[in-house]
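One structure is given below, encoded as structure tokens.
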Amino acid sequence: MNLSQRFSRFITLSVIFAGLTISPSSLKSQTTDTILKPDKTENQNPDIEQRISDIINELSLEEKVAMCHAQSKFSIPGVDRLGIPELWMSDGPHGVRGEINWDNWGYAGWTNDSITAFPALTCLAATFNPDLSRAYGTSIGEEARYRKKDVLLAPGVNIYRTPLNGRNFEYMGEDPYLASVMVVPYIQGVQQNGVAACVKHYVLNNQELWRDHINVEVSDRALYEIYLPAFKAAVQEGEVWSVMGSYNKYRDQYCSHHERLNKILKTDWQFDGALITDWGSAHDTREAALFGLDIEMGTGTDGLTKTKKNAYDNYYLAYPFLELLKSGEIDRKFLDDKVRRILRLMFRTSMNPNRDFGRMNNQEHLDVARNIGREGIVLLKNNEAFFPLDPKTNVTIAVIGENATRAMTVGGGSSELKAKKEISPLEGLKELYAQATILHAKGYSSGPPSYARVLPPEEDQDELKKEAIAIAVQADIVLFIGGLNKNHQQDCEGGDRKGYGLPFRQNKLIDDILKVNNHVGVILVGGNAVAMPWLPRVKAVIQAWYLGSEAGHALADVVSGQVSPSGKLPISFPIKLTDNAAHAFGELSYPGDSINQYYKEDILVGYRWHDTRKIKPMFAFGHGLSYTTFEITDVKTDKKKYEAGEVIQITYQLFNSGTTAGAEVVQVYIGKINSKVDRALKELRGFKKTMLSPGKNYQGTISIDVNSLAYYDEQLSEWNLEKGSYWVYVGNASDHITAKVRITID
Ligand code: BGC
């Protein structure tokens, strides 16, 4: 079956599925006990499990139900008469969010809640460095602990499907393998502090537009191969203690209390922690009770209650749940399973007497933020060795663009931060380029920070442009620092971008600058790919993401060559929007018809689409230049024939043939030759980043499990390892493969 046949088959199936109306009584009969499992896993401490059983025996029905829903915006109650503490949560994922009021979204105005802002997760993914992910998790976990948080609502691993998604900057890119490798150490780092990570948003929350109701139809194959793997890794390898359900629907059921999804999570993957709603993503008491939702947060109470006082009591998992339990309509074992999981979460966090006190705003955390920034920044283009700019230079540099000075830890929605400090790009450059003359002009204005609405800029845009052109004329070099920001319809929760182009007339501004100065390097701040019509005419382009507290320092480190860039794109940059797979299939694929949407590109997300359909991207997944040069040679596999369960060992020589130190990411992709099913030409299966001095050689090995080459077989509802020949591709970008080895699976 080809892709479109498979797609129409799954539409038919989902139509049949959608045709089934689920009545409360059928809900009950459909439910199996398996959703309640596991009761015991190797990670559990039998003594604690016994204590949990004892507590469950002690608790009244009302006390148990109270633990299953919020008591404030970010906490659930404990049981005061038994000395069981409350459980406190906070966003995530780039730092610990400022204190929010008990009952509303306003900031509480505390003066002790400023923190270290770490780079956005797209930047972390671009480092291709799992050690930095561990350092990130450890540091943010320490800050969460110091702020007395028990659950950090992070990290996010929804797959980058379209460059328009307002929340891509909070996620780890378009590749399930990369996201899986990077998410695990983040979780382990956070949790070693006795703070739970809460991996989000499970699952298929790949756009913000209509996120609270859009019904996603996707094939099982794409679900298992593309959208679930990072969550699975978080559960099985990261042993995450909590998971957040998403807002959207999948096959006509809300994801936070989704029978099928939560069976996958709790039964198939043996997740033993607590499933928490996204804020306001519960919609039905019976489904929540029976289909594995443990904690309900953030439900709007309009229409449920007249007074604020008892609002929380009217949550789906509050009084309505209590009543169904009392009447016997819902078996109490479902409640006990939830309470067991919540208590387990508490024993791991708020009731863990061995956890440290945490720390925040120390130099070490700033160093971690800076290192992630400088390893994540991606040099996309560099003609005539435009970068690095010698820090001793005495030339005149015109720094143009709003993002040279705009605070980027502010805005974006729930990931917004109250950073203790944020070094802007302009400050970072000024500190380093002491002998140069640095001129600055804003060039354009995007309006003040705002959420869920767009506020017009106050400045006269023509005036701003005039100032910019005036300094561009005088300067030897122009650094244009623009891109997106964290306002509504940029990189921000609750809305998607309106188009692929750079906003706020930046393209026109760059064109006009190029008319008066042709030494222009563009630095793009943002979490998404953008169109670059001026690309052939600028000398260089840097993708700088959102870099947090140390933004300006990290950027100056790379611009000046104090550090050679080593970031690689965790996303593809298409030339135009319709070159992106989700957009190639029209509106029903993205954004949907406001009720349903169909992931018509199926498994061909990101580079899988560009490669397989031979649609050249502007910049490919895995691409990223360096100030030095590397050669990858001597690529070999340990054998030519493998069997299921074996490991493929790929060895190579990496040589730094340039004149400066730098790091390179060797990437291994594998593709089936003549597959009996539709497959991507190649898929990332392994990578390794290595730092090398000039003239040095490194003998590297990358190991890949043969079983990981299986595809998800919809006929068998199982993974299927196809026999036959495969290409092993080795290179330093998905579009820059330097060696190919043929192997066979028997
Ligand atoms: C977001 C979550 C966030 C929660 C609490 C929701 O709107 O989708 O990611 O953790 O709010 O702030």
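Each ligand, and each atom within it, is numbered from 1 in the order the structure gives. Remember, predicted model here, so these are calculated numbers, not experimental data.
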Give the ring-plane orientation class for Tyr254 versus His257, where under 30° counts as parallel, over 60° as perpendicular and anything between as tilted.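 Ring orientation of Tyr254 relative to His257: perpendicular.
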Starting from [atom], find the nearest protein heavy-atom neighbour and note its residue, name and distance.
atom	value
atom 7 (O) of ligand 1	Glu493 OE2, 2.6 Å
atom 4 (C) of ligand 1	Asp278 OD1, 3.5 Å
atom 12 (O) of ligand 1	Asp91 OD2, 2.5 Å

Contact atoms of ligand 1, heavy-atom distance to Ser414 under 4.0 Å: 1 (C), 2 (C), 3 (C), 9 (O), 12 (O)
Considering only heavy atoms of Arg97, which atoms of ligand 1 have at least one such atom less than 4.0 Å away? 12 (O)
Tell me which part of [X] gets within contact of ligand 1: side chain, backbone, both or neither, using heavy atoms under 4.0 Å.
X	answer
Arg211	side chain
Lys200	side chain
Glu170	neither

On the ring face of Tyr590, is Arg161 found with NZ or CZ under 6.0 Å from the centre and within 45° of the axis? no
Nearest heavy-atom contact between Asp113 and Glu99 is OD2-N, 2.8 Å
Taking atom CZ of Arg359 as the centre, does the number of heavy atoms from other residues, nucleotides or ligands within less than 6.0 Å exceed 12?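 Correct, the count exceeds 12.
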Answer yes or no: are there more than 12 heavy-atom neighbours, outside Tyr146 itself, under 6.0 Å from its atom OH?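 Not more than 12 within 6.0 Å, no.
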Whether the Asp602 and Ser219 side chains hold a donor-acceptor pair (N or O, under 3.5 Å, no angle test) is what I'd like checked.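 Side-chain D/A pair, Asp602 to Ser219: present.
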contact_flag Met89 ligand 1 heavy-atom lt 4.0 Å: no
Report yes or no: does Tyr247 contribute a side-chain atom to a donor-acceptor pair with the main-chain N or O of Ser256 at less than 3.5 Å? no
